[in-house]
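Below, all heavy atoms of this structure are taken into account, side chains as well, without hydrogens, waters or symmetry copies.
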Amino acid sequence: MRDRPWWQAALDVVVLVGALALATSAILPAFGGTSAVPALTAGLVSGAGLAVVAAWGRWSAWVVTAATVVVVVLLGVPLIGASTVLGVLPTPGAVGQVAVASVTTWKDVLTLDPPLGATGDVMLAPFLLALVGALVALSLALRAARPAVAVSAGGVVVLVAVVAALLGTATTPVPPQVVGAVVMAVLIVWAALRTGSGPRRRPFSAGALLAVAVVVSLGLAPVVVVDQPRFVLRDHLVPPFDPSEQPSPLAAFRAYVKADDQVLFTVSGLPDGARVRLAVLDRYDGTVWNVAGDRAAQGSGEYRRVGSTIVTHDDGVEAEVTIEIVGLTGVWLPTVGSALSFDAGTATRDVRYNDATGTAVLTTGVAQGLTYTQQVVVPNLGLRPADLGAVGSADVVLPDDTGVPGSVVRQAEAVARSAGGAVEQAQSLASWLSETGYFSHGLEGDAPSLAGHGAARMSRLVDAPPMVGDGEQYASALALMARSMNLRSRVVLGFVPGAGDAETAAAASPEVTDGVVAVRGKDVQAWVEIAFAGVGWVAFDATPPTSRLVPEQQQDESTSAAPQVVQPPVQPPAPQTEPEEDVRQPTTDGPREEDRWPAWLPVAIWTASGLGALLLLASPALAVLAVKARRRRRRRRASVPTAALTGGWQELVDVASDLRRAPSAVDTRRESARVVATVVADPALPDRLDDLAVRADRAAFAASGPTPVQVDEYWTEVDDTVRRMWQAVPWRSRIRGRVSTRSLRRRGAAPVAVGRRDS
């Protein structure tokens, strides 16, 4: 770059950045209007700036890579809205977010429905596309020694245009044929000027040729692609299953109850005591329980395609379970335990499985006759809460709840205040609900009991006696009360074969015919799973027995059932005055005063993380410096005085090599001294180097070797000469020479003999 006029380099930058701006315009419709323009602009400017600086400073590849990573982090953090320190420096967590988003953003751009908007991880896709495209294209144009290689930057522009078109939509702000014609015309003219092969004496012929090319491309393109829809990747990809787009399965609880004796599916090979799960719900928003559709809950919302085998770390009872769908509808597939393999025949390609919850869906919807087989392992089968001992709550990430009634939280504190550890708290909450409440589905002939599990229904359940409901309400209440005590809980909707004819799920006894169990609508159950350290998820039932009905006198006093409506989240309760005696039970997992981190510790962690990242980036340079220091020490401490003295001369030659003034391997020492002297414009340096070369020759061929004092004096002069050599070059050359590996790669040392030419 330094060998060319500045205006030629500027022309390269203007032409390539302009062509890239036009090429990347195809991605704009996917984000809606001009939402992606700031990201594209930031990518083009930062990529071009980095390429120009790197070419001017002649940075090596690893320096350019390190600088690119820093730029991506610094500009990527505000693009995705990650946290920063003092509004500028990214936190370690933000760096991790950018690293993950740089990989996942491409999938999100292709699978989410446009317009994607201007926020979130998707902004990294246009930014990275523009940055990498500008950096690679301009690096080729500015740093290539041969013009034929430099013009290959035009191919990078074409590649970026293709990627932008694939990531975009079927409609573009500028017609594709116009973009292609303009970009190709500009690149052809630029390539001709860049290589010096442009027809300078025939401008009319060149203009005519260019005009013909543009007219032909614009005129024939519609003919070639007539009736052919534009190819974009998003039209040929199946988006991932998003459970948050599905209605809450728990809201359909009463619908399953009304199905009563209708067979929903059959199951064979079911281990004794095992339950069939349909959905695991871990997000509460004040209206319904649903599945977290984002990454807030350790993969609970991520449903993936299944292969021939599924890796699981659970231990338990292994079995082969076969399920045949009869009357069940929807997308949720009944499953048992944790799957080791999943075989649904040709429908397997549409099965999505979540190994964090052991649930599965069929994206095309289940239908009568669907049969599939699972190799499963059922963990904690037959484990009772009383067998847990004194284990604590597991550290599981779950999404935050919203709209939880304050009455539910206060009731949980009152019930569990006398309990001990996590297990005792969970048992006390489940026992209070099942022993205090009454059972009713709210159907004809039952005691009044509203369906639903919104905030208003939960508040009425615990506040307005008598407490009446079924599995939907009691499971929801137990999960919310457990979470208020820092117990990691989730609601499970499933089936317990035979439970429809038993008072409790624990007493269920399924009817088995030829090894096949028919699961009916009345077998639907909702229970709560709580995670315990070292154990995993353990089921808790809070639903009262079906025989525990509301007495008639309490039915008369209770409010008659009203039609169920959509219940908005209740407002937070008014601040309560603290009682004189603190009746709140401290939770088992809350941070104690002595366990809280001091204020300086996060700052120290951020600082250490930043220093660690800088150290990692600088590790190649540090390794080179360490190797050179070790080489010098070995030469200086050589056991043979002659080798120690001649090693000093070799140190001078290696420094000159790192400064790109290396003498030839066939030069004598005195000839080498004259070459090395060109490093420093110091009149005294040639004589000093010549003297050092002569003394090195004398030590190598003298009958007796040098004394230790002579070796020390020689090395003192070598160190002073090396210092002068470093100080005489610009700081950029000094830094480049310090980390250069030229002297480490040299093959053959300067000869030790004095040739005839020096006599």
Do [X] and [Y] come within less than 4.5 Å of each other through their side chains, counting heavy atoms only?
| X | Y | value |
| --- | --- | --- |
| Asp395 | Arg488 | yes |
| Ile27 | Leu40 | yes |
| Ser393 | Asn486 | no |
| Val655 | Val676 | no |
| Met725 | Leu652 | yes |
| Asp654 | Arg635 | yes |
| Val109 | Trp106 | no |
| Leu398 | Arg483 | yes |

How long is the span from the [atom1] atom in [X] to the [atom2] atom in [Y], to the nearest 0.5 Å?
| X | Y | atom1 | atom2 | answer |
| --- | --- | --- | --- | --- |
| Leu129 | Leu124 | CG | CG | 12.0 Å |
| Ile310 | Tyr353 | CD1 | OH | 5.5 Å |
| Arg304 | Asp355 | CZ | CG | 5.5 Å |
| Gln8 | Asp12 | CD | CG | 7.5 Å |
| Thr68 | Leu50 | OG1 | CG | 4.5 Å |
| Tyr284 | Asp400 | OH | CG | 15.0 Å |

Looking at Asp658 and Lys628, is there a salt bridge between them, counting it only when a charged N and a carboxylate O are closer than 4.0 Å? yes
Below 4.0 angstrom, N of the basic side chain to O of the carboxylate: do Arg636 and Asp719 qualify? no
Between Trp190 and Val14, does the side-chain contact (heavy atoms from CB on, under 4.5 Å) criterion hold? Intermediate values first, please. CA-CA 11 Å; Trp190 170 77; Val14 171; over 6 Å; no
[X] to [Y] - nearest heavy-atom pair and separation:
| X | Y | answer |
| --- | --- | --- |
| Leu140 | Ser152 | CD1-OG, 3.7 Å |
| Gly76 | Val98 | C-CG2, 4.0 Å |
| Met123 | Ala39 | O-CB, 3.8 Å |
| Thr312 | Ser338 | OG1-CB, 3.7 Å |
| Ala531 | Trp537 | N-CE3, 3.5 Å |
| Pro78 | Leu74 | CD-O, 3.1 Å |

Is a side-chain donor-acceptor pair under 3.5 Å present for Arg724 with Thr721? no
Does Thr741 reach the main-chain N or O of Leu744 with its side chain, forming a donor-acceptor pair under 3.5 Å?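 Looks like no, no N/O pair under 3.5 Å.
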Report yes or no: does Asp285 contribute a side-chain atom to a donor-acceptor pair with the main-chain N or O of Thr402 at less than 3.5 Å?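 Side chain of Asp285 to backbone of Thr402, a donor-acceptor pair under 3.5 Å: no, none is there.
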Take Ser46 and Leu75, measure what side-chain contact (heavy atoms from CB on, under 4.5 Å) needs, and give me the verdict at the end. CA-CA 9 Å; Ser46 58; Leu75 297 182; 3.8 Å; yes
Determine whether more than 12 heavy atoms belonging to other residues, nucleotides or ligands lie under 6.0 Å from atom CZ of Arg723. yes
Does NZ or CZ of Arg738 fall inside the cone over Trp726's six-membered ring, less than 6.0 Å from its centre and within 45° of the axis?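 The answer is yes; both the distance and angle limits are met.
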In sequence, state the C-alpha distance, the side-chain angles, and the governing distance for Val653 and Gln650, and then conclude on side-chain contact (heavy atoms from CB on, under 4.5 Å). CA-CA 5 Å; Val653 175; Gln650 191 60 42; 4.2 Å; yes
Under the side-chain contact (heavy atoms from CB on, under 4.5 Å) rule, what do Thr359 and Tyr303 come out as? Steps first, then yes or no, please. CA-CA 9 Å; Thr359 55; Tyr303 285 78; 2.8 Å; yes
Which of these passes side chain to side chain contact (heavy atoms under 4.5 Å, CB included) with Arg490: Val396, Thr357, Val291? Thr357
